[in-house]
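Everything numeric here is computed off the predicted structure, so don't read it as measured data. Numbers restart at 1 for each chain; the letters A, B, ... are given by sequence-line order, proteins then strands.
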Protein chains: 2
Amino acid sequence: MTLTARPTEATTVAHDRVFRHLRSRIMHGDLPPGQALTLRGIGKDYNVSMTPAREAARRLVAEGALTMSSSGRIATPELSNDRIEELAALRALLEVELASRALPRAHMALIERMQIINTAIADAVQRGDAVAYIRTNLEFHRTLYLRAQAPAMLAMAETVWLQMGPTMRALYGRLRRTEPPQFHRLILAALKAGDEPGLRLAVRSDVTQGLRMLAG
Amino acid sequence: MTLTARPTEATTVAHDRVFRHLRSRIMHGDLPPGQALTLRGIGKDYNVSMTPAREAARRLVAEGALTMSSSGRIATPELSNDRIEELAALRALLEVELASRALPRAHMALIERMQIINTAIADAVQRGDAVAYIRTNLEFHRTLYLRAQAPAMLAMAETVWLQMGPTMRALYGRLRRTEPPQFHRLILAALKAGDEPGLRLAVRSDVTQGLRMLAG
DNA sequence: GTTCTGAGATTGTGATCACATGGAGGTATG
DNA sequence: CATACCTCCATGTGATCACAATCTCAGAAC
């Protein structure tokens, strides 16, 4: 807690470390849907007692990253098709708005960074690395949305990503993707052209494409 | 977002009871912005130890209903004007969509229920009861949105309400409102007429009116 | 009057424990 | 062979405690 010497690291509190690490794993599809977790197990993984494990679990449940049965057992969520559709609609709503707000502030340096990330996505796809694919894909989006200067909106978008994390991984396995997302090129083109309607369409298409593959 | 409790059964779990009660108080403006809370104090209020109080507080922090300082102290949020604007924009985004989805399913019985709630809002306004005003106003909106069959989206809208709760109360004091929300009449009229564009506009106007008064 | 200091009180954190509940798996019974 | 039952282990819950960090505020120093 008092180790303020390290500049980049915030709090070193145990429950927060557990929370952040677990959150990242879930968001990036490191855990399959329906994966059961136990407080004692989490505690053992991170060398802490049940207390910090419980607090991390609580926060994750509150964010929808984990579900709790009536008896208190915790697991990653198994989403129904309706829920997946709804979350995709939420992504479309939120991310189109975020992209739109970021557009006036998206200069060339940002677009170039996004292009580099896009090549990393292609890498992950070629390696068939689902976790790396999800992580870099979200990084692509987050890089843009950070420019929107809308932290509450970005937090909501991340909450949606979090809820979809385990399912995204399962979906990736079914998609057998061989190429990077086609709509990323459209997003980058619209950004360069300052074309807002085009950007909105491209983002909406990108965030709902997985859904279309699921339904089709 | 909250646990799916069986309709008639009250959960006996302490931390959940604390969580729900505190959440309701915050959402409805029972606490002013910046109000500090302590775990031992919460525990005392609900006759429980620190443990359930901590868990409730964690969940509320995760939902944005409470903020945590770097030293772990918890308090209701004091929102900047930028943040208020952003949350209002989120309300507009989410609630316009929810209303739009509810429209095809909004039959006369629902509209009549909303009209009854609207008179309760007028009541609260006349009595100058801020908490009752906020609660009935949210009930008006929630009654409509429940018909949208979009639980994740509704949960997000509630999260926004939650974050604005304490500030809403403070705003209400400044507004010195004497009449019920004018746009509620437009919402009801659009519902009756099945007028989607009109409904979207009315909802958008309603959820951003407080903001306009703040800025103006 | 203002600022610094330091001691005491307050507060969050994490570990541990007793307890009740629920689930899994084996056994008996049809 | 299937199903009901029962026992034991695993798991979440809540209370309590020791501890460290932090806040508060009275009093001293300038």
Side-chain angles (χ1 to χ4, degrees), chain A residues 1-7 9-23 26 31 33-78, chain B residues 1-6 9-23 26 31-78:
Chain A
M1 185 88 117
T2 48
L3 302 177
T4 53
R6 310 241 285 276
E9 183 146 1
T11 21
T12 62
V13 187
H15 74 83
D16 210 58
R17 177 173 53 92
V18 176
F19 167 74
R20 272 206 272 266
H21 195 257
L22 262 181
R23 185 176 195 269
I26 295 170
L31 299 174
Q35 175 69 251
L37 297 174
T38 67
L39 299 184
R40 286 172 176 86
I42 295 171
K44 201 170 180 182
D45 287 350
Y46 292 92
N47 260 316
V48 296
S49 79
M50 285 173 59
T51 310
R54 237 199 298 190
E55 313 213 356
R58 284 277 175 262
R59 290 177 67 176
L60 290 167
V61 169
E63 288 199 54
L66 294 175
T67 63
M68 249 182 65
S69 77
S70 60
S71 67
R73 308 293 243 266
I74 52 183
T76 54
E78 294 183 281
Chain B
M1 198 66 95
T2 50
L3 281 181
T4 58
R6 306 230 285 275
E9 184 161 353
T11 315
T12 60
V13 186
H15 74 82
D16 208 58
R17 177 172 53 92
V18 177
F19 166 74
R20 272 206 273 264
H21 195 256
L22 263 181
R23 185 176 194 268
I26 295 171
L31 300 175
Q35 176 68 253
L37 297 174
T38 67
L39 299 185
R40 287 173 176 86
I42 295 170
K44 203 171 179 182
D45 287 349
Y46 293 92
N47 260 318
V48 296
S49 78
M50 286 174 58
T51 311
R54 236 196 302 189
E55 312 213 357
R58 283 276 173 264
R59 290 178 67 176
L60 290 167
V61 168
E63 288 198 54
L66 294 175
T67 62
M68 250 182 66
S69 77
S70 60
S71 66
R73 309 296 239 265
I74 51 182
T76 54
E78 293 183 283

Does any donor-acceptor pair link the side chain of [X] with the base of [N] at a separation under 3.5 Å?
X       : N      : value
B:Ser71 : D:dA21 : no
A:Arg58 : D:dG12 : no
A:Arg54 : D:dG14 : yes

Does [X] place a side-chain N or O at less than 4.0 Å from the phosphate oxygens OP1/OP2 of [N]?
X       : N      : value
A:Arg17 : C:dT13 : no
A:Ser49 : C:dA15 : yes
B:Arg40 : D:dA15 : no

In whole angstrom, what separates [X]'s [atom1] from [N]'s [atom2]?
X       : N      : atom1 : atom2 : value
A:Phe19 : C:dG14 : CZ    : P     : 14 Å
A:Asn47 : C:dG14 : CG    : P     : 14 Å
B:Ile42 : C:dG12 : CD1   : C1'   : 12 Å
A:Met68 : D:dG12 : CE    : P     : 9 Å
B:Asp16 : D:dG14 : CG    : C1'   : 14 Å
B:Arg73 : D:dA20 : CZ    : C1'   : 12 Å
B:Glu55 : D:dA15 : CD    : P     : 10 Å
A:Met50 : C:dT16 : CE    : P     : 12 Å

Considering only heavy atoms from C-beta outward, does the side chain of [X] approach that of [Y] to under 4.5 Å?
X       : Y       : result
A:His21 : A:Ile42 : no
A:Thr51 : A:His15 : no
B:Leu39 : B:Ile74 : yes

Interatomic spacing from CZ in A:Arg40 to CG in A:Asp45 - rounded to 0.5 Å:
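One gets 14.0 Å once the value is rounded to the nearest 0.5 Å.
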
Give A:Leu37 one of three labels, base, sugar-phosphate or nothing, depending on what nucleic acid heavy atoms sit under 4.0 Å from its own.
sugar-phosphate

How would you label the contact of A:Thr38 with the nucleic acid (heavy atoms, under 4.0 Å): base, sugar-phosphate, or nothing?
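Sugar-phosphate, no base atom in range.
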
With distance as the sole test, does A:Thr76 use its side chain to make a donor-acceptor pair with the main-chain N or O of A:Gln35 at under 3.5 Å?
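Indeed, once roles are kept as given, a pair shorter than 3.5 Å links the two residues.
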
